[in-house]
Amino acid sequence: MSVIYDKSVPGRRGVRLPRSDVPGHTAIPEPYRRRSALNLCELSELDVVRHFTALSRKNFGVDTGFYPLGSCTMKYNPKFTEKIAQLDGFSSLHPLLPQLRRGGMLTQGALAVLYELESMLCEICGMDAFTLHPMAGAHGELTGMMIIAAYHHDKENNKTEVLIPDESHGTNPSSAAIAGYSTRPVPTNRKTGVLDLEALKDMIGDQTAAVMLTNPNTLGIFNAQIREIADLAHKHDALLYYDGANLNAILGKFRPGDGDFDVVHVNLHKTFGTPHGGGGPGAGPVGVKKHLVDFLPISRVVKRSDGTHALDYDYPKSIGYIAPFYGNFSVCLKAYAYILNLGAEGLSQVAENAVLNANYAMHCLKDDFEVPCLRTCMHEFVISASRQAENGIRALDIAKALIDRGFHPPTVYFPLIVKESMMVEPTETESKETLDAFVGAMKDIARQSRESSESFAGAPQSTPVGRLDETRAARQMDFAYALSGA
Amino acid sequence: MTPNDRKYSTTHEWVKVDGELAVVGISDHAQEALGDITFLELPKAGTSVEKGTECGVIESVKAASDIYSPIGGEIAEANDALENAPEQVNQSPYDTGWLFKVKGIDHAEIDALMSADDYETFLKEQE
Amino acid sequence: MSFIPHTPAQQKQMLDICGVKDIDALFADIPEGLRPKSFNIPAGRSELEVHASLENLAGQNYSHLVRFVGAGFYDHFIPAAVDAIASRSEFYTAYTPYQPELSQGTLQAIYEYQTAMCRLTGMEVANASLYDGGTALYEACQMAVHATGRTRIVIDGGVNPIYRKMIHSYTANLSLDLCEVGVSHGQSDRKKLFDAIDEQTAAVLVQNPNFFGVIDDHSDIAKRCHDLGILAVQSVYPVAMALLKPPGDMDIDIATGEGQSLGIPLSFGGPYLGFMATKKKFVRKMPGRLVGRTVDSAGREGFVLTLQAREQHIRREKATSNICTNEALCALRAHAYLSLVGEQGIKEVAQLCLDKARYAKERFKSIPGVEVMEASPTFNEFTLRLPMDAGEFAGRMIERGFAAGFPLGRYYPGMENYLLMAVTEKRSKHDIGRMAEALEDALCQ
């Protein structure tokens, strides 16, 4: 399909702007004026709408089909929350309004949403305070690490290192490094599938600023030794960080705060049903315990004794501004609506059925695929294509074969500690019929790998393009469409 | 076949003495593990390197790996031809795909590295 | 209400396959002592009830004030087709395009967006998006530090003060040296900037138009930077680029900015769109995702995420940035907006902003006691000096139905009587006239 710039017709107009109703035409003086051509599209509105509609049809979303992408929680995104986010009272609200004198009273509805969502996240996670400012999960991690650094700085602790399990998401070591810490991987016990506590004991010391964990971890296993880990960390005045990527598994069943975690981030676009948008926007609110409240970013939303809400900037120990305003407000708004809709019982059912779906699918697949940690899993599980690899069929081939059967593949080659790994997260919104169809496809692929491994080479065939030449992309470096004739 | 006219490190580099200089590259196993190499950042001539320290980066489509200098010394020359032809490292890791040359070398340091046979045994143990 | 499809009978069947008697058994790994001490979330409410309650909250927000407040975040017209396009759920319910065969829609859209941002800024390569204009500017600092191996960042006082505060926060635990330099007649003060540069300087940060709405040509600053091996970084207002000399024509090394003005609603602060564009020679130091064009095995053209070895999921602690989820759907909106208004439309938007702002200046200037700062040319934003505290004045204007502007005293000590005002194509001549009357009235109060 040709790129939009090739469809451009010189002189064609799309959306019209009003004529100027003020006198005069102002010219930008030299040397500030643009001399070079813009070369943007010249298309009719219908041309543009058709172009994007055609593009959308080359995309696969949760609304298209089953999307069991491990660690990503691709659940159904309720439509009513989209409608709420489009209410003019929210979508047209200028973020500087509450910063104008008496302006706070004019944004009470929006401030109430922020305050109430923070309170609910505190209760869901067992934390004492939340900030909604971080704009994605990794941004939450960085914010959390900055809070940890501010805490140690305040106590004049000399900390240099963050310990992170080897199965962790790549953002964990990256966020810690960007906050100024060195990182060291803690090994996973291959038998139990959780962090090797003895190894942690050897590694932890007075130099340790924090231990970063996700629980359940990326193998989908819940670590019941979390209090021991917390005690060990706290003995060295290291803080325990909870990566909330897998919170969907434990809603109403375990709260990181009760497990003595000091800092958590949650991914609203995973656990609380807001859409991923093809890679964002998300939101990564951060929660802390009492001893870290002073370091949260500003502004903070407070509720006054008369029931009104206000922004408060008076936190001298705060890490300061990490976002221009109050975070990705409309994402927070959708998550708030989702929580109101589900309530306590609904949230617990989310975890229950997410875990049920994962265990069910794992049990159905265990005879055909290697399961490195065959025990009760939480909301996701990892299988390995190692058996299929003996016939030359790797995880990537299985992924492509699944595409031709109408499914989005699981996460492949992550976690890194399992060879040929495929990480499956069905989520609670998928029906038994869908899971059975997926299991059927996987079994069929396993059979095909034994009987006719050569048939995988051309997959996928049902898509607008086949396997793309990624080496060529990396070497050629064509990141922007060249002007014709250039 | 792993050429036995040179020595190997546990980080999968090879070292071949060539007169006053030592030539360094990565093993066939290493290039195979990385996949199609798309970019290299090599140390500049004149910089000094220490044994076992990072001195460059190799990127492939799906991976990135640090290059560790298997020996100490001063970089005499980097294989600048790889800038426009990184695939040479995949196609000819032991010959035209060499990475850099080191001068001021310590022969004892090179002798302490693995022989081709030892390296192959090492690879088997790693599996 | 949890969007769960299972019937009790199906749940039972599934539990049997798992070999457990009930759902609780699946949570046996969580010991009793770790169970929630409380879980006091209100009972669920229907869609109808939740909508009604949030509609009520939305109604408490005065989104209908006539807006002359900007400060980097502008009330521009958004064509309905932008919403229609971004509401295609094939786009918005997809994840990051890790499986390119199933994501050609998102990937091609991002490639086209990258192209649009390159053309708008005159730069060679743009990434797939960052969170917002402030984090984009901070990422540019990191990029310059890595590219040069130096540690000092010199920041022009015309850079949005919110962004400057963000950069201070992000670098607090790093060994970087930030140096802020005040403006002269609202423009970048060359002498002070050049005096602040030393051999440890990695980057100089400027903004165009700057926070006061003043336009500038930073070519001379870029040249001085290059003589000393420093990267010149410029934050820009994308709508203004239709008429202003773009960063590429000033030989700027990294251009960043806030893309909210390109079809993204104000939404009380987000989600917005951070953009970044640079020279091709710096592409491997650039943070964020990048889409490249290639072909499949049959020679068909297609798009993939590329140069991923820079990113956190491969390079982990050595990645150029920790960014993962970005603002893809906002980038899609920006691309749809630019495509819909097109080459002529974006120039008209910018011209309307410019003309209306000039008209507003003329109108307000005639009010006794009001002075318009006019030492340097501006785009659609300008500063008024009032005969009273601008914060108090803004409060009085709110009572009259106007978000009149942003009082500068909050970020610029000594400028308590100054108000920053923005005019977009959405403000009519009538609005400006009413604003002038209210202004005069509020001053007399």
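Atom set for the values below is all heavy atoms of this structure, side chains included, hydrogens, waters and symmetry mates excluded. If you're wondering where the values come from, they're calculated on a predicted model, not measured in any experiment. Just so it is clear: chains get the letters A, B, ... in the order the sequence lines come, proteins before strands, and each one is counted from 1.
Proximity to chain C involves both the backbone and the side chain of M135(A), based on heavy atoms less than 4.5 angstrom apart. Heavy atoms of A150(A) lying under 4.5 Å from chain C are absent altogether. With a threshold of 4.5 angstrom between heavy atoms, E430(A) approaches chain C through N, CA, C or O but not through any side-chain atom. Only the side chain of L87(A) comes within less than 4.5 Å of a heavy atom in chain C; its backbone stays farther off. Only the backbone of H169(A) comes within contact range of chain C, with heavy atoms under 4.5 Å apart. Contacts of A179(A) with chain C are made by backbone atoms alone, with heavy-atom separations under 4.5 Å and no side-chain atom involved. Both the backbone and the side chain of I124(A) come within contact range of chain C, each with at least one heavy atom under 4.5 Å from a heavy atom of that chain. Residue R13(A) touches chain C through its side chain alone, counting heavy-atom pairs closer than 4.5 Å. Of the two parts of R35(C), the backbone and the side chain both hold a non-hydrogen atom closer than 4.5 Å to a non-hydrogen atom of chain A. In this structure, the portion of P29(A) lying under 4.5 Å from any heavy atom of chain C is its side chain and not its backbone. Neither the backbone nor the side chain of K75(A) comes within contact range of chain C; no heavy atoms are under 4.5 Å apart. Proximity to chain C (any heavy atom under 4.5 Å) is shown, for M120(A), by both the backbone and the side chain. Heavy atoms closer than 4.5 Å to chain C are found in the side chain of F325(A), but not in its backbone. At a 4.5 Å heavy-atom cutoff, the contact between R227(A) and chain C is made by side-chain atoms alone. Contact annotation for F254(A): both backbone and side-chain heavy atoms come within less than 4.5 Å of a heavy atom of chain C.
Going from atom OG of S297(C) over to atom CG of L468(A) covers 8.0 Å, rounded to the nearest 0.5 Å.
Looking only at atom types and distance, the side chain of T294(C) has no donor-acceptor partner in the side chain of D469(A) under 3.5 Å away. Checking N328(A) against Y131(C) by side-chain atom types alone, no donor-acceptor pair falls below 3.5 Å. Checked by atom type, the side-chain pair Q11(C)/K432(A) shows no donor-acceptor distance below 3.5 Å. Side chains of D249(C) and S36(A): a donor-acceptor N/O pair is present below 3.5 angstrom, by distance only.
Nearest heavy atom pair, residue F479(A) against residue V125(C), reads CD1-CG2, 3.5 Å. Residues P407(C) and L100(A) approach most closely at CD-CD2, 3.5 Å, considering heavy atoms.
Between chain A and the residues T93(C), V341(C), L329(C), L352(C), the largest count of heavy-atom pairs under 4.5 Å involves T93(C). In terms of heavy-atom pairs under 4.5 Å with chain C, the best-connected choice from Q108(A), M74(A), H269(A) is M74(A).
The shortest side-chain heavy-atom distance between C72(A) and T96(C) does not fall under the 4.5 Å cut-off. Residues L34(C) and F222(A) meet the side-chain proximity criterion, which asks for heavy atoms closer than 4.5 Å. Contact check for F77(C) versus V15(A): side-chain heavy atoms found under the 4.5 Å cut-off. Side-chain atoms of D216(C) and Y32(A), non-hydrogen and from C-beta on, do get closer than 4.5 Å to each other.
Every residue two or more places apart in sequence or in another chain was checked for a ring-ring contact (aromatic ring centres under 6.0 Å, His included) with H51(A), and none qualifies. With sequence neighbours left out, the ring-ring contact (aromatic ring centres under 6.0 Å, His included) criterion links Y163(C) to no other residue.
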Please determine whether side chain to side chain contact (heavy atoms under 4.5 Å, CB included) holds for the pair L106(A) and N61(C), giving the CA-CA distance in whole Å, both sets of side-chain angles, and the decisive distance to 0.1 Å. CA-CA 5 Å; L106(A) 307 186; N61(C) 298 320; over 6 Å; no
For N59(A) and T106(C), what are the C-alpha separation, side-chain angles and deciding distance, and is it a side-chain hydrogen bond (donor to acceptor under 3.5 Å, both in side chains)? CA-CA 7 Å; N59(A) 238 28; T106(C) 294; 2.6 Å; yes
Evaluate D355(C) against T26(A) for side-chain hydrogen bond (donor to acceptor under 3.5 Å, both in side chains), listing each step before the verdict. CA-CA 6 Å; D355(C) 290 341; T26(A) 319; 2.9 Å; yes
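Salt bridge status for R101(A) with E392(C): present, with a side-chain N to carboxylate O gap under 4.0 Å. Using a cut-off of 4.0 Å between Lys/Arg side-chain N and Asp/Glu carboxylate O, K356(C) and D21(A) are scored as salt-bridged.
Side-chain atoms of T463(A) never come within 3.5 Å of backbone atoms of L102(C) as a donor-acceptor pair (strictly under, hydrogens ignored). For the pair Y111(C) (side chain) and V3(A) (backbone), a donor-acceptor distance under 3.5 Å is absent. Using modelled atom types, one side-chain atom of Y5(A) and one backbone atom of E112(C) make a donor-acceptor pair closer than 3.5 Å.
Ring orientation note: the planes of H94(A) and F73(C) are nearly perpendicular, at an angle over 60° on the 30°/60° scale.
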